[in-house]
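Input: a single structure, listed below in structure tokens.
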Amino acid sequence: MVIASIDIQNKKVVQLKQGRDFVLERDNPEQLAAEFDRYGEVAVIDLDAAMSGADCKTSGNGEIVKSLLRLAECRVGGGIRTPEQARELVSLGAKKIIIGSAAFRNPAKKGQGASGGEFGLNVDFLEKLANTIGRGRIIAAIDSGPVFRTNTEVSGDSGADGTVSPQGYQIYADGWKTRTGLDLVKTACAAEPYVSEFLFTCVNREGTMTGIDLEPVKLLRGAVSCRITAAGGVSTLEEIQTISELGCDVQLGMALYTGKINLADAFVRSLDWKKSALLPMIAQSNDGQVLMTGFADQEAVSESFKRGNLCFHSRSRNKLWMKGETSGNTLKLRRLRADCDRDAILAIADPAGPVCHTGAWSCFSQDRRYTWEFLQEIIAERFKNPKPGSYTATLDDELVREKVMEEAEELCKAQSHSELVWEAADLLYFATVLMTRAGVNAAEVLDELDRRHKK
């Protein structure tokens, strides 16, 4: 998987070199999140919270982060220091939570430094976090750089004498400002029981576009079995392919914003084409119904992004084909996702009509599954193109509100199972009409219910 990073500072999207030097700024985080979501999860990092000691609730970037959670599949980090803060972000839609300094500091010894025992795996915090949001949602950010023979500041891959000491790599905290003295690999192994993934950042290469240091990535991959996302200095498609072949995901920042790497190309290079030149691609509607399956080569994946409609490779004709290019029943691309082995693709798409060549809604079902979203689509269509005799089209705001109150009362009076089903269906219909007139969609309501469930 290729993950695009959105780093927020002073309510702007920024890119910093080695976490210190300002390089560029953008003021369109929502647009970026919606675009990046087509290619993979989006890493949203609150730099102000991570670097200043403020938490994610007081940094001033909270509303921006919330808006991005409604637009993309996001993993969120920066200033998350309590399980309650993590749970709140999950309830708002965060897929995963990125924990940094809080995982490696003993709060009782804060300010005493590495020699005073300030740093070490905070098992108590990690256990509480896992019990609150689940281990599967936790990513530990292990920002790391090589340990030098001298005490010089990080300025490259070697110390003053040109060599890296046998101590290897250490973890940094507080937005890369503080050396913890914690060994990268040993600490990662100790943390693995509490997390599902590590975000490794090569701090001495971050933002430089000089290439990632692969040695610590290889050391980590050989030491832990959970997922690893590697970042810091990645600047070529060849690096993306190499990191992917190690079994790791890649996070992109500077190379993406400067145009050195294109996300569509990065996605293609992250897939495992060594197993086969054709990978299975499963098309699924946004409400979860499987529509069809086909095969894609590198050209088909690239063209899907370029055209905005799903493309496949026809094995019978041995050529590229876009679904619906003759029938008009295209599959409009929302996002592509690779599976855990990077040898299969899930495509979330909006069908323009029946998907199967037989005229069936999908290649696996004659009819479209009736969902709340489907009901709302029908209602919206009645308002947009009213048919003669359409009852829905006659429901103005005043009338539909009266009907909602009437049906709610009838549902409360219903006694038998069949009466409850009937009256609940009536209430759901009229409530959906009211929502549609007000511009509220079913997905928003379901997201709110999901938020309440996760609080």
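Only a predicted model underlies this, so the values are computations on that prediction, with no experimental measurement involved.
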Check: Considering the options Lys96, Lys95, Arg337, which one meets the side chain to side chain donor-acceptor pair (under 3.5 Å) requirement together with Glu73?
Finding: Arg337
Notebook entry, point to check: Taking the side chain from Arg221 and the backbone from Cys248, do they hold a donor-acceptor pair closer than 3.5 Å?
Noted result: no
Which atom pairs, donor and acceptor, lie under 3.5 Å between side-chain atoms of residues 22-30 and protein residues at least two apart or in another chain?
| unit_1 | atom_1 | unit_2 | atom_2 | d |
| --- | --- | --- | --- | --- |
| Asn28 | ND2 | Gln31 | OE1 | 3.4 |
| Glu30 | OE2 | Ser67 | OG | 3.1 |

Item checked: With sequence neighbours excluded, residues passing ring pair (Phe, Tyr, Trp, His ring centres under 6.0 Å) with Phe267 -> Phe305
Item checked: Pair Glu215 + Lys218, salt bridge at N-O below 4.0 Å -> no
Check: residues 438-448 side-chain donor-acceptor pairs under 3.5 Å, at least two apart:
| unit_1 | atom_1 | unit_2 | atom_2 | d |
| --- | --- | --- | --- | --- |
| Asn441 | OD1 | Ala443 | N | 3.1 |
| Asn441 | OD1 | Glu444 | N | 2.9 |
| Asn441 | ND2 | Glu444 | OE1 | 3.4 |
| Glu444 | OE1 | Asn441 | N | 3.0 |
| Glu448 | OE1 | Arg451 | NE | 3.0 |
| Glu448 | OE2 | Arg451 | NE | 3.4 |
| Glu448 | OE2 | Arg451 | NH2 | 2.8 |
| Glu448 | OE2 | Arg452 | NE | 3.0 |

Next item on the list: Go through the steps to decide whether Thr432 and Gln376 satisfy the test side-chain hydrogen bond (donor to acceptor under 3.5 Å, both in side chains), and finish with yes or no.
Entry: CA-CA 6 Å; Thr432 307; Gln376 187 165 44; over 6 Å; no
Next item on the list: Write down the atom of Ala296, the atom of Val301, and the distance for their closest heavy-atom approach.
Entry: CB-CG2, 4.0 Å
Next item on the list: State whether the number of non-hydrogen atoms from other residues, nucleotides or ligands found under 6.0 Å of Lys11 atom NZ is greater than 12.
Entry: no
Notebook entry, point to check: How close do His313 and Ala300 get, heavy atom to heavy atom, and via which atoms?
Noted result: N-CB, 4.1 Å
Item checked: Residues in salt bridge (Lys or Arg N to Asp or Glu O under 4.0 Å) contact with Asp265, at least two apart in sequence or another chain -> none
Checklist line | Residue pairs passing the salt bridge (charged side-chain N to carboxylate O under 4.0 Å, His left out) test where at least one lies in residues 307-332, sequence neighbours excluded | finding: Glu303-Arg307
In residues 232-239, what donor-acceptor pairs under 3.5 Å come from side-chain atoms, sequence neighbours left out?
| unit_1 | atom_1 | unit_2 | atom_2 | d |
| --- | --- | --- | --- | --- |
| Ser235 | OG | Met209 | O | 3.4 |
| Ser235 | OG | Glu239 | OE1 | 3.3 |
| Thr236 | OG1 | Glu239 | N | 3.1 |
| Thr236 | OG1 | Glu239 | OE1 | 3.4 |
| Glu239 | OE1 | Ser235 | N | 2.8 |
| Glu239 | OE1 | Thr236 | N | 3.3 |
| Glu239 | OE2 | Ile212 | N | 2.7 |

Check: Which atoms form the tightest heavy-atom contact between Arg342 and Met1, and what is the distance?
Finding: NE-N, 3.8 Å
Check: What residue among Asp174, Thr180, Thr178 forms side chain to side chain donor-acceptor pair (under 3.5 Å) with Arg105?
Finding: Asp174
